[in-house]
Every structure is written in structure tokens, then in C-alpha cells.
Number of protein chains: 2
Amino acid sequence: MLKYEMVARDIQSKISRGEYRPNEQLPVMSDLCETYGVSKITIKKAMDMLVSRGLIIKRRGSGSFVKNIAVEEINPPLQDMSRQLAGFTGEYLDTGVEVSTIVHEFSVIQATPKVAGRLRVRPEDFVYYICRTRCADGVPQEIEYTYMPISVVPGLSYEDVQGSIYGYIERTLGLKVYSAHRSIRAVMPTAEELTRLKVGRDVPLLEIDQVVYLEDGRLFEYSICRHVGDRFTFFSISTN
Amino acid sequence: MLKYEMVARDIQSKISRGEYRPNEQLPVMSDLCETYGVSKITIKKAMDMLVSRGLIIKRRGSGSFVKNIAVEEINPPLQDMSRQLAGFTGEYLDTGVEVSTIVHEFSVIQATPKVAGRLRVRPEDFVYYICRTRCADGVPQEIEYTYMPISVVPGLSYEDVQGSIYGYIERTLGLKVYSAHRSIRAVMPTAEELTRLKVGRDVPLLEIDQVVYLEDGRLFEYSICRHVGDRFTFFSISTN
DNA sequence: AAGTGGTCTAGACCACTTC
DNA sequence: AAGTGGTCTAGACCACTTC
């Protein structure tokens with residue numbers, strides 16, 4: 001266990017136990033160095049983690065303070081960022097929810113100009129096109145329109161597409177998903193989506209348009225994912 | 001100018017000029033130390049900034065790589081995170097767009113249980129309730145339902161509410177907005193919103209539910225903001 | 001003037017990947 | 001074995017806030 005992780009974890013547990021209370025000033029860094037027997041830069045790194053988790057605030061010249069947050073928001077931290085890249089299957093891991101998939105289309109096509117632009121391949125290059133409805137306990141949650149260059153994700157089979165594509169990429173190909181660039185909008189379902197998602201025509205969808213990168217910097221996915229409005233929430237913490 | 005900022009800026013400009021190309025490996029840290037005449041930890045901090053901006057990827061044991069991104073995405077970086085806390089007025093600063101506001105309601109009420117819970121005040125405490133439609137060049141963009149404890153934001157006047165509340169908080173009260181915790185969903189407009197936002201009943205809205213914190217850790221705002229669907233996009237970059 | 005957190009260094013040691 | 005980035009230290013110096 002890394003030192004800064006241990007310190008961050010300990011301070012976080014003190015906040016959640018009420019030992020450090022909302023709006024209270026935390027001990028100064030030099031005191032924390034003594035308490036934990038670590039250097040200043042290690043304390044700083046631990047505090048920076050707590051800032052990015054939305055738990056504390058730092059002010060140069062004045063000190064660090066616990067945010068006025070509810071205990072429920074502390075543990076686990078406000079959003080489970082670690083699952084934002086896990087994919088649909090990963091999202092429901094260990095939740096006891098049964099995930100199922102309806103494959104509407106799985107084909108290899110030549111990239112349209114728009115898809116080629118987003119995937120950064122040439123317009124004539126071959127890409128997989130996959131359209132799937134993802135369900136939780138049998139209830140449709142989202143519909144995905146996914147494009148992947150066959151050169152980056154070779155050997156994808158119908159069985160993989162019925163299950164977890166990320167599972168295939170990580171376990172079979174040995175690649176690691178690294179980051180996603182997303183934009184989010186509200187949209188209405190198309191006629192086709194109405195039946196596939198089993199929603200009324202007055203139900204809005206949250207559309208996430210994203211490109212996803214591997215650990216080696218290569219772009220392997222462009223996808224548009226449309227979530228049923230009343231069944232999905234996206235979390236975000238911004239800090240100055 | 002801080003050293004790590006200078007280094008980050010220089011590497012970023014080399015990426016945008018094509019000197020470092022997509023998927024190319026960057027010089028190793030020890031070389032960058034020599035090139036810029038700074039220590040390893042300063043290089044690391046600069047590279048970490050580029051990772052969080054979505055431009056590069058780091059792999060322990062193998063090196064750092066430029067992501068396969070389009071030049072247009074590089075400069076300015078993928079989303080202007082710095083404006084995510086600027087408020088509606090700040091968002092349009094220096095864009096030449098004329099921002100206007102329609103105040104539907106501005107009152108002091110006793111916090112309902114829900115609002116008290118979100119604002120972390122007692123249910124009987126007084127809070128401002130402000131409902132406004134915000135327009136850009138006369139076109140309605142969003143409707144805001146805002147709650148603020150009068151104890152944290154004293155002296156708010158009708159004039160402030162017609163303009164920028166954040167301007168009042170920062171310039172008159174001398175407080176600084178620090179961070180926001182948000183959740184995002186897709187919703188349909190109410191009958192009232194149809195007329196206020198001048199949209200059809202088939203236009204979805206992007207709802208952002210947020211609490212906002214000051215630099216001293218105090219919670220000063222709970223707001224629900226509903227953006228017209230085809231006129232708003234929210235950006236996000238996730239990294240493992 | 002005193003106290004806060006932020007930047008930066010030189011260098012030791014470590015975890016991981018590649019060969 | 002060699003090369004990569006990551007963690008950590010002790011300490012200098014700095015920017016900013018508070019009194």
C-alpha cells in the first residue's frame with residue numbers, strides 16, 4: 001500500500017466518522033507530516049486526492065477544510081469514477097443484477113466519413129458496426145451504436161458481442177482501456193428505439209457520444225450510447 | 001510562470017504543431033529533464049496535466065505516448081474545464097453573445113425538507129428561491145431553479161438576480177466559487193417550461209442537479225438547471 | 001511578522017515492461 | 001539486465017492570508 005493512499009484513506013475515514021467535521025479546518029500539513037511520519041509532498045498528494053474526490057478544500061495561506069458534505073456522500077466517494085470506464089457489464093459487476101444483451105446488428109462496414117473522422121481511420125477502412133440493447137434484469141437500459149477498427153480489435157466474434165466486448169479486449173487481446181472523451185446531450189428516441197427500449201414516445205434519452213482510448217494511446221472505439229432518461233444519472237465533480 | 005506549466009505548454013504546442021505525432025512515444029522523462037533543465041518531479045507534474053487534458057498517456061515501464069487525437073481537439077484542450085464553474089454569464093464571457101435573464105421568481109422561503117437536505121441547513125432555515133430563464137442573444141437556453149441560504153449569501157438584491165449572481169458573490173461579497181458536485185439526466189419540459197423556454201413539447205431537456213461550494217468549504221447553492229436539449233453539450237474526460 | 005499551502009530540487013529506491 | 005515511469009524524502013524557497 002502506497003503511503004499517500006494510506007494517509008488519504010485515514011483522513012477520509014476520520015471525516016466519515018465525524019472526527020473531522022463539516023467546515024472544520026484540518027490539521028496543517030506540518031502536523032500531518034508528524035502524525036503520519038511522512039514527508040510534506042506525500043501529505044500534499046494525499047490531500048489532492050481528497051480534493052478531487054470532492055471531500056476537502058485547500059486554500060493557500062489559510063489551511064485546508066472539510067467540505068460541508070453529508071456523510072452518505074463520503075463513503076464510497078461521491079461518484080465511483082473507477083467504474084466510468086468499466087463498460088456496461090463492469091458497471092453492474094457484483095451488484096447481483098443480471099445483465100443481458102440483444103444484438104440488433106453486428107457487421108463489418110467501410111467507415112463513413114463521420115465515423116472515420118471520429119475513429120481517426122481512413123474513410124475506406126473496415127470497422128465493426130455493432131448495435132445492441134443492454135438490459136438489467138431484463139429491462140432495457142440503453143442502446144449502443146458502436147464502431148471499432150478491425151485492425152485494433154481483431155477477431156471479435158458474435159459470442160463476444162453478445163457478452164462483454166470490453167471483456168474480450170482486456171482478457172483475450174490483453175489490452176487495457178485507458179480513457180474516454182465524452183459529450184452528453186438530451187435527445188428523443190427514434191421510432192425504432194421506442195420498440196427496442198420499450199419506452200413511450202414521451203421518454204427522453206441521455207445520449208453519450210464518446211471515443212475511447214487504449215493504454216498505448218490508440219483509439220479503439222467510437223460509440224453513441226442512449227440511456228433511458230429516468231434510469232440513468234451521470235456524476236461529475238468540477239474543481240477550480 | 002510556473003515551470004511545470006511552461007513545460008506542459010511547450011509539449012502541448014509540440015503536439016499541436018505535429019512535432020510529436022499521434023501514437024508517437026514522447027522522449028523519456030530523463031531526456032525531458034535535460035531538455036527543460038528541470039527535475040524529474042516537475043516533468044512528471046507537467047505530464048500529469050497533459051494526461052488529465054486527454055492529450056497523452058503514460059505507461060510505467062514502457063514510456064509515454066501521444067493519444068491518437070485530432071489536431072482540432074488539442075488547442076484549446078478538449079473541453080474548457082475552466083469555464084465549467086463560471087456560471088451562465090461567465091460561460092459566454094468574451095464570446096460576443098448578449099446574455100439576458102428573465103426573473104420568474106425571487107423570494108425568501110423556509111427550506112423544504114428536500115432543499116434543506118441538499119443545502120445542509122435546518123428545514124426551518126430561510127433560503128432564497130430564484131427561478132430564472134437565461135437567454136443568449138434573446139433565445140432561451142436554460143431555466144434555473146436556485147436555492148441559497150440567506151446566511152451564506154446575505155444582501156442579494158433583485159438587481160443582482162437580474163444579472164449575474166456569481167458576479168455578486170465574487171465581486172461584492174469577495175467569496176470564491178470552488179467546486180460543484182453534479183448529476184445529469186434527460187427530462188421532458190413541464191407545461192410551464194414549454195412557454196418559458198419557447199420550445200415544442202417534443203424537445204427534451206438536459207437537467208443538471210448540482211450543489212456548489214465556496215473556497216472555504218461552505219455550501220452556498222443548490223440548483224436544478226434545465227438546458228434546451230439541442231443547444232447544450234456537456235464535456236467530460238475520464239481516465240483510469 | 002507569523003503561519004498557511006505550493007513549487008522545485010537531487011537523489012534514493014521501487015514497480016513494471018521489454019529484451 | 002536495462003530501461004521505463006512512480007514514490008518518497010529533506011530541505012530550500014516562494015505566494016498568499018491573517019493578524
Side-chain angles (χ1 to χ4, degrees), chain A residues 1-11 20 23-52 55-67 170 173-176 178-179 213-218 239-240, chain B residues 1-11 20 23-52 55-67 170 173-176 178-179 213-218 239-240:
Chain A
M1 170 84 74
L2 298 170
K3 286 189 183 178
Y4 69 82
E5 265 181 23
M6 284 190 52
V7 173
R9 193 169 298 202
D10 191 68
I11 295 176
Y20 298 142
N23 291 326
E24 183 180 329
Q25 179 163 7
L26 290 168
V28 297
M29 289 179 68
S30 54
D31 287 355
L32 291 171
C33 289
E34 270 194 33
T35 304
Y36 294 102
V38 300
S39 73
K40 190 179 157 189
I41 225 164
T42 301
I43 292 293
K44 183 177 184 298
K45 178 136 192 179
M47 310 262 287
D48 284 343
M49 289 184 66
L50 297 176
V51 167
S52 75
L55 300 182
I56 70 169
I57 270 170
K58 295 194 295 180
R59 296 165 77 192
R60 187 200 291 229
S62 348
S64 302
F65 299 82
V66 180
K67 272 187 180 174
E170 303 206 310
L173 295 181
L175 301 171
K176 279 195 186 128
Y178 185 86
S179 73
Y213 295 87
L214 293 171
E215 207 190 28
D216 59 7
R218 285 185 298 165
T239 298
N240 261 344
Chain B
M1 169 82 75
L2 299 170
K3 287 189 182 178
Y4 69 81
E5 265 180 24
M6 284 189 53
V7 173
R9 194 169 297 201
D10 190 68
I11 295 176
Y20 298 143
N23 291 327
E24 184 179 329
Q25 179 163 8
L26 289 168
V28 297
M29 289 178 69
S30 55
D31 288 355
L32 291 171
C33 288
E34 270 194 32
T35 304
Y36 293 102
V38 300
S39 73
K40 189 178 157 189
I41 226 165
T42 300
I43 293 293
K44 182 178 183 299
K45 178 137 191 179
M47 310 262 287
D48 284 343
M49 290 184 67
L50 297 177
V51 167
S52 75
L55 300 182
I56 70 169
I57 271 170
K58 295 195 293 179
R59 297 165 77 191
R60 185 200 296 228
S62 355
S64 302
F65 300 82
V66 180
K67 271 187 180 175
E170 303 207 309
L173 294 181
L175 301 171
K176 280 197 185 128
Y178 184 86
S179 73
Y213 295 86
L214 294 171
E215 206 190 28
D216 59 7
R218 285 186 297 165
T239 298
N240 262 343

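For clarity, every value in this text was computed on a predicted model and none was experimentally measured. Within every chain, numbering begins at 1; the chains are lettered A, B, ... in the order of the sequence lines, protein sequences first and strands thereafter.
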Output the rounded distance in Å from CD1 (I43(A)) to P (dA10(D)).
12 Å
Rounded interatomic separation in angstrom, taking CD from E215(A) and P from dT4(D)
17 Å
Among dC8(C), dC8(D), dT4(C), which nucleotide has an atom closest to any side-chain atom of L2(A)?
dC8(D)
OP1 or OP2 of dT17(D) under 4.0 Å from side-chain N/O of S62(A):
no
Would you indicate which nucleotide in dG5(C), dT9(C), dT9(D) comes nearest to any side-chain atom of S39(B)?
dT9(C)
For V28(A) and D31(A), what are the C-alpha separation, side-chain angles and deciding distance, and is it a side chain to side chain contact (heavy atoms under 4.5 Å, CB included)?
CA-CA 5 Å; V28(A) 297; D31(A) 287 355; 3.7 Å; yes
Separation of dG5(D) atom P from L26(B) atom CG, nearest Å, is 9 Å
In this structure, how many angstroms lie between the P atom of dT17(C) and the CG atom of D216(A), rounded?
13 Å
Quick one: are V66(A) and L55(A) in side-chain contact, heavy atoms under 4.5 Å?
no
Whole-Å distance between dT7(C) P and E5(B) CD?
9 Å
Distance below 4.0 Å between K45(B) side-chain N/O and dT7(C) OP1 or OP2:
yes
Taken to the nearest whole Å, CE/M1(A) to P/dC8(D) is 11 Å
Taking only the side-chain nitrogens and oxygens of K44(B), find out if one of them lies under 4.0 Å from OP1 or OP2 of dC8(C).
no
On DNA chain D, compare the nucleotides closest to M29(B) and G61(A); which residue's is nearer the 5' end?
M29(B)
Watson-Crick or G-U counterpart of dC16(D), or none if no pair lies under 3.5 Å:
dG3(C)
Answer yes or no: is there a side-chain heavy-atom contact under 4.5 Å between M47(B) and V7(B)?
no
Are V38(A) and M6(A) close enough that some pair of their side-chain heavy atoms sits under 4.5 Å apart?
no
Are any of Y4(A)'s side-chain N or O atoms less than 4.0 Å away from OP1 or OP2 of dC8(D)?
no
Would you say dT18(D) has OP1 or OP2 under 4.0 Å from some side-chain N or O of R59(A)?
yes
Would you mind reading off the distance between M49(A) atom CE and dG5(C) atom P, rounded to a whole angstrom?
19 Å
Side-chain heavy-atom pair S62(A), E215(B) within 4.5 angstrom cut-off
no
Return yes if the base of dG11(D) and the side-chain atoms of K40(A) contain a donor-acceptor N/O pair under 3.5 Å, otherwise no.
no
Here the distance between atom P of dA10(D) and atom CD of E34(A), to the nearest Å, is 12 Å
Phosphate contact (dG3(C) OP1 or OP2) by S30(A) side-chain N/O below 4.0 Å:
no
Under 4.0 Å, counting only non-hydrogen atoms across every strand here, what does I41(A) touch: a base, just sugar-phosphate, or nothing?
base
DNA chain D: 5'-proximal contact among M47(B) and R60(A) (nearest heavy atom)
M47(B)
For K3(B) and K176(A), take the nucleotide of DNA chain C holding the closest heavy atom to each; which residue's nucleotide lies nearer the 5' end?
K3(B)
Side chains of K3(A) and K45(A), heavy atoms from C-beta outward: is any pair under 4.5 Å?
no
For dG11(D), give the paired nucleotide (Watson-Crick: N1-N3 plus N6-O4 or O6-N4; G-U: N1-O2 and O6-N3; both under 3.5 Å), or none.
dC8(C)
